[in-house]
Amino acid sequence: MNFIKNKRGTDKVLSVYWFAVLFIVVTGVVYMTFLYYGKPYDVRDIEANLLLEKVSDCLSNGGRLSGEWNSINSENFPEKCSLNFNVEDTGGWKKDQYYVNVKFRNFNEDSFSELAEFGNPNLEIFCGKSVVCSEREFYTLDKENKQYSIKIKSVVGKTEKNE
Amino acid sequence: MNNKAQIGETMTWMVGTIIIIIMLAMSVFILSSSLFENDRKISLRSINSDLIVTKSFLGYLLTGDNFNQLRNTELRLVTDSVSRSDDEIVKKIFFELGSNEYSGDIWLGVLKEGCGWNKDTQTNVQPSCAPNKRKVIASGCITGVFYDRIKLNDDSIAELMIGCKK
């Protein structure tokens with residue numbers, strides 16, 4: 001009789017214990033899922049490269065520089081290349097989360113000349129640290145078959161969202 | 001005897017609980033560390049295209065007589081070791097211009113539509129129009145070779161292969 005009583009008591013204690021362990025495990029799994037999936041994906045590298053490709057498309061098409069490329073400057077750059085640096089309303093961001101810089105040189109020379117820039121130039125200082133930068137150079141010809149090398153640098157900030 | 005059995009069972013549960021808590025804590029610690037940081041970063045390296053290289057390639061085809069030369073020979077291999085004067089421009093375009101993605105050999109060719117290259121070894125790349133001999137090479141740097149195929153106006157195909165840095 002005593003033995004049966006004790007057995008029931010033990011079962012009660014163990015079932016409380018069992019629920020406690022279940023609760024701990026479920027909480028742990030939920031927390032881990034949140035830790036892994038709760039952070040946003042960092043797509044700034046893609047953003048920077050897409051921006052760079054868009055600018056390169058604006059300057060050169062089919063292997064040749066567009067007819068107007070020489071008339072592009074920092075003033076008309078966003079308009080000529082249809083750039084819009086509006087960003088989502090996060091952390092007081094304005095239009096200061098992107099930067100693009102375009103340089104060119106004669107293919108056989110070493111020194112670059114600045115063609116245009118647009119966006120927040122202060123971001124460039126943080127390349128390799130908190131912001132994502134992409135820099136590519138491509139070979140192209142103008143209408144007179146002069147060889148050029150165009151270097152484009154694009155920077156995406158958005159540090160607050162991707163820390 | 002009965003008490004000893006109860007103590008034994010309780011001890012098993014306690015030790016089990018402690019092990020579960022330790023394992024959970026370790027999992028949480030690993031997840032919150034920077035081990036999985038790269039999983040959250042998506043880069044263009046995983047996407048099989050490189051518009052910038054394509055632009056340079058088109059520029060190269062338009063330069064001088066390059067297109068006709070490539071069309072006549074159907075295949076051109078430029079390696080790091082070969083230093084023909086007219087290959088210098090190829091190396092400069094694809095290796096030196098900005099991107100540090102590529103290295104090794106460069107294969108350039110203009111083929112008739114429906115033809116392709118058989119790449120059996122690093123140095124043996126043969127043009128082939130026989131469909132059963134055509135070896136499909138994936139583009140992008142995932143396979144270690146960047147592969148670009150551009151359809152030109154005269155229905156020929158310009159192809160480019162560059163070794164990727166690992």
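A note on names: the letters A, B, ... follow the listed sequences, proteins ahead of strands, and every chain is numbered from 1. Because only heavy atoms are used, hydrogens play no part in the values below, and waters and symmetry mates are left out as well, while side chains stay in.
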Set of residues satisfying salt bridge (Lys or Arg N to Asp or Glu O under 4.0 Å) with respect to B/Lys55, sequence neighbours excluded: A/Asp57
Quick check for you: to the nearest 0.5 Å, what is the distance between A/Arg136 atom CZ and B/Leu51 atom CG? 9.5 Å
Chain B heavy atoms under 4.5 Å from A/Glu47: which part of the residue, side chain, backbone, both or neither? neither
Measuring heavy-atom distances to chain B, does A/Ile24 have an atom under 4.5 Å in its side chain, in its backbone, in both, or in neither? both
Donor-acceptor pair, B/Ser56 side chain versus A/Tyr139 backbone, under 3.5 Å? yes
Where does B/Ile20 contact chain A at under 4.5 Å (heavy atoms): side chain, backbone, both or neither? side chain
Quick check: under 4.5 Å, non-hydrogen atoms only, which of residues 106-133 of chain A neighbour chain B? A/Phe107, A/Asn108
May I have all residue pairs that pass ring-ring contact (aromatic ring centres under 6.0 Å, His included) and include part of residues 48-74 of chain A, sequence neighbours excluded? A/Trp69-A/Phe104, A/Trp69-A/Tyr148
Report whether B/Met14 and B/Leu24 are members of the same hydrophobic cluster (ILVMFWY, side-chain heavy atoms less than 4.5 Å apart, transitive linking). yes
Connecting only ILVMFWY residues whose side-chain heavy atoms lie within less than 4.5 Å of each other, what is the rest of B/Met23's hydrophobic cluster? B/Val15, B/Ile19
Rounded at 0.5 Å granularity, tell me how far CG in A/Asn145 sits from CG in B/Leu62. 8.0 Å
I need the residue from A/Ser60, A/Ser134, A/Gly63 with the largest number of non-hydrogen atom pairs under 4.5 Å to chain B. A/Gly63
Heavy-atom cut-off 4.5 Å, strictly under: side chain, backbone, both or neither for A/Val21 against chain B? side chain
Using 0.5 Å steps for rounding, measure from the CD1 atom of B/Ile52 to the CD atom of A/Glu135. 11.5 Å
Taking C-beta and beyond as the side chain, do B/Leu58 and A/Arg64 meet within less than 4.5 Å on heavy atoms? no
Can you tell me how far the OG1 atom of B/Thr54 sits from the CD atom of A/Glu53, to the nearest 0.5 Å? 8.5 Å
Between atom CD1 of B/Ile30 and atom CG of A/Leu35, what is the distance when rounded to the nearest 0.5 Å? 12.0 Å
Heavy-atom count around A/Glu75 CD within 6.0 Å, excluding the residue itself: above 12? no
